[in-house]
Amino acid sequence: MSTVLLQLNNIRQTYGEQVVIHDLSLALQRGTIGCLLGPSGCGKTTALRCIAGFEPVSAGEILLNGVCVSSADIFVPPEQRRIGMVFQDYALFPHLDVAANIGFGLHRLTRAERERRVDELLQVVQLASVSGKYPHELSGGQQQRVALARALAPKPELLLMDEPFSNLDVSLRERLSMEVREILKDQGITAILVTHDQAEAFAIADEIGVMHQGEIQQWDTAFNLYHRPVNRFVANFVGQGVFLPGRVINAQQVEIELGILTGEIPQPCDSGCKLDVLVRPDDIVHDDASPLQATVIHKAFRGAEILYTLRLTDGAKLLALVPSHHNHVIGEKIGIRLEADHIVAFHQSTQ
């Protein structure tokens with residue numbers, strides 16, 4: 001049996017004249033958690049709905065376990081795809097208690113089998129103590145775990161999650177993201193998450209596809225999306241940073257106002273070529289002994305760290321993450337130095 005559970009081959013989806021998804025392709029290995037990450041309107045939820053079978057595709061094909069379930073000529077209905085779904089609003093039945101909600105899709109099992117499966121999932125999502133309560137009696141995090149357990153109950157081949165944490169506060173979202181990842185990994189579930197929140201994507205997914213205008217710009221690990229973005233959109237969307245003008249010295253070095261960066265020049269560029277160089281906040285180190293000075297023009301306290309916005313002498317701005325015991329005031333000049341071990345750069349003419 002192939003290790004690829006889900007494969008999208010050049011799928012295209014249109015609404016009248018509007019093309020929502022352009023020739024989108026991806027392959028998801030069994031047991032992997034994938035994510036479609038992007039801003040509102042990029043097509044990520046439409047892609048998820050096509051995988052689920054809620055919408056047909058205009059072109060291309062979707063394969064599950066090597067079998068085509070969607071193409072211009074083939075359409076397998078959602079209930080025959082063995083796909084579980086967790087919605088943004090949880091979609092729990094208000095008149096059913098937790099146990100009944102989880103067991104709702106298990107009508108083909110005997111009563112004893114259904115009770116065993118529900119009891120098993122109550123343990124998995126740690127909700128056995130509230131099995132008799134109704135959705136309105138639960139917290140947002142508990143409702144989300146009920147929705148997850150209900151989706152897992154029929155043992156789907158693939159689990160789809162559409163912005164599952166968007167209704168939760170930030171601290172709960174972070175904790176629940178980690179809990180959900182642990183549950184999915186413990187159960188060996190293959191899943192795809194759709195979100196606009198990169199912290200959520202990083203916390204849950206093994207592989208992430210950054211989407212823009214109906215296309216996947218880069219399908220990669222969180223590390224590579226942050227440190228090795230393939231284009232400006234990914235560089236700007238993932239993480240924080242600024243572009244500073246640079247001049248190529250040789251095949252391994254580029255000079256910017258902060259100093260010389262050494263590494264592989266990612267763009268074909270001869271000596272003297274001009275590039276825009278991405279500088280992340282973690283590339284800038286606070287150093288009182290450094291002769292290079294920058295002026296603090298904004299600060300955002302983050303507990304252990306402060307994110308400073310700094311202005312260089314030529315007027316260019318950059319960001320720096322500094323331990324929060326270095327508490328500088330707006331307008332103060334501080335010493336900084338560049339400490340980066342690789343180069344992310346694009347031609348200045350690139351838009």
Side-chain angles (χ1 to χ4, degrees), residues 37 39-40 165-166 168-178 195-203 210 222-229 232-249 253-263 266 274-346 348 350-351:
L37 171 67
S40 297
F165 308 111
S166 61
L168 305 174
D169 64 62
V170 174
S171 60
L172 180 57
R173 194 182 308 166
E174 291 177 356
R175 180 169 60 80
L176 200 57
S177 296
M178 292 186 285
T195 183
H196 65 277
D197 186 327
Q198 58 184 273
E200 197 171 287
F202 290 177
V210 176
F223 181 91
N224 285 341
L225 292 175
Y226 186 85
H227 290 290
R228 298 170 189 143
R232 280 177 184 259
F233 179 82
V234 176
N236 280 318
F237 188 78
V238 175
Q240 294 176 296
V242 297
F243 283 101
L244 296 179
R247 183 181 63 87
V248 172
I249 299 174
Q253 291 182 313
V254 60
E255 184 178 22
I256 60 176
E257 184 184 356
L258 300 173
I260 294 175
L261 275 167
T262 300
K274 292 182 178 180
L275 295 174
D276 285 338
V277 181
L278 179 66
V279 179
R280 298 285 197 191
D282 43 307
D283 294 330
I284 303 299
V285 177
H286 178 269
D287 183 357
D288 289 327
S290 173
L292 183 63
Q293 300 277 303
T295 303
V296 176
I297 59 174
H298 187 266
K299 58 192 288 191
F301 186 76
R302 296 187 169 185
E305 296 169 317
I306 297 175
L307 179 66
Y308 284 105
T309 304
L310 306 172
R311 185 169 54 233
L312 300 173
T313 53
D314 70 348
K317 296 178 183 178
L318 71 157
L319 302 171
L321 270 179
V322 176
S324 62
H325 55 269
H326 294 286
N327 187 22
H328 299 284
V329 299
I330 305 297
E332 183 179 352
K333 287 190 174 183
I334 63 172
I336 58 169
R337 59 182 165 82
L338 183 66
E339 193 171 287
D341 60 0
H342 65 291
I343 299 170
V344 177
F346 304 98
Q348 290 185 349
T350 304
Q351 297 299 316

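We count residues from 1, following the sequence as given. Both backbone and side-chain heavy atoms feed into the values below; hydrogens, waters and symmetry mates do not.
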Give the minimum heavy-atom separation between P39 and F233, together with the two atoms involved. CD-CZ, 4.0 Å

Below 4.5 Å, heavy atoms only, C-beta onward: do T262 and V254 meet side chain to side chain? no

Where is the tightest heavy-atom contact between L312 and Q293, given as atom of each residue plus distance? CD2-O, 4.5 Å

Begin with the C-alpha distance, continue with both residues' side-chain angles, and end with the deciding distance and a verdict on side-chain contact (heavy atoms from CB on, under 4.5 Å) for L310 and V296. CA-CA 5 Å; L310 306 172; V296 176; 3.8 Å; yes

Where the side chain of Y308 meets the backbone of H328, is there a donor-acceptor pair that is under 3.5 Å apart? yes

What's the separation between atom CD in Q253 and atom CZ in R247, rounded to the nearest 0.5 Å? 10.5 Å

Do we get R175 above F165's six-membered ring, with its NZ or CZ under 6.0 Å from the centre and within 45° of the axis? no

Side chains of R228 and N224: donor-acceptor distance under 3.5 Å anywhere? yes

If you take all heavy atoms of L225 and V234, which pair is closest and at what distance? O-CG1, 3.9 Å

Tell me the closest heavy-atom pair linking I284 and L319, and the distance in Å. CG1-O, 3.5 Å

Contact check, side chains of L244 and D276, non-hydrogen atoms, under 4.5 Å: no

At their closest point, which heavy atom of G246 faces which heavy atom of I256, and how far apart are they? CA-CG2, 3.8 Å

Is there a side-chain contact between P229 and V344 (heavy atoms, below 4.5 Å)? yes

Separation between CD1 (I330) and OG1 (T295), nearest 0.5 Å, reads 11.0 Å

Are the side chains of Q198 and Y226 in contact, using a 4.5 Å heavy-atom criterion? no

Please, which pairs that meet salt bridge (Lys or Arg N to Asp or Glu O under 4.0 Å) have at least one residue in residues 285-311, sequence neighbours excluded? D287-R337

Please tell me whether T195 and E200 have a donor and an acceptor in their side chains that are separated by less than 3.5 angstrom. yes

Given side chains that start at C-beta, do those of R280 and L321 come closer than 4.5 Å, heavy atoms only? no

Are I260 and I249 close enough that some pair of their side-chain heavy atoms sits under 4.5 Å apart? yes

Enter the distance from L318:CG to E257:CD here, rounded to the nearest 0.5 Å. 9.0 Å

Verdict with supporting geometry, R232 and F243, side-chain contact (heavy atoms from CB on, under 4.5 Å): CA-CA 10 Å; R232 280 177 184 259; F243 283 101; 4.3 Å; yes

Salt bridge (Lys or Arg N to Asp or Glu O under 4.0 Å) pairs, two or more places apart, involving residues 317-333: none

Start with the C-alpha distance between D197 and R173, add both sets of side-chain angles, then the distance that settles side-chain contact (heavy atoms from CB on, under 4.5 Å), and finish with yes or no. CA-CA 10 Å; D197 186 327; R173 194 182 308 166; 3.1 Å; yes

Taking atom NE2 of H326 as the centre, does the number of heavy atoms from other residues, nucleotides or ligands within less than 6.0 Å exceed 12? yes

Step by step, work out the side-chain contact (heavy atoms from CB on, under 4.5 Å) result for F237 and L37. CA-CA 10 Å; F237 188 78; L37 171 67; 3.6 Å; yes

Give a yes or no answer on whether the side chain of S290 reaches the backbone of I336 with a donor-acceptor pair at less than 3.5 Å. yes

Indicate yes or no: at least one non-hydrogen side-chain atom of D283 is less than 4.5 angstrom from one of D341. no

Close side-chain approach of V248 and L275, heavy atoms under 4.5 Å: yes

So if I apply the side-chain contact (heavy atoms from CB on, under 4.5 Å) rule between F301 and each of N327, L307, I306, which one comes out positive? I306

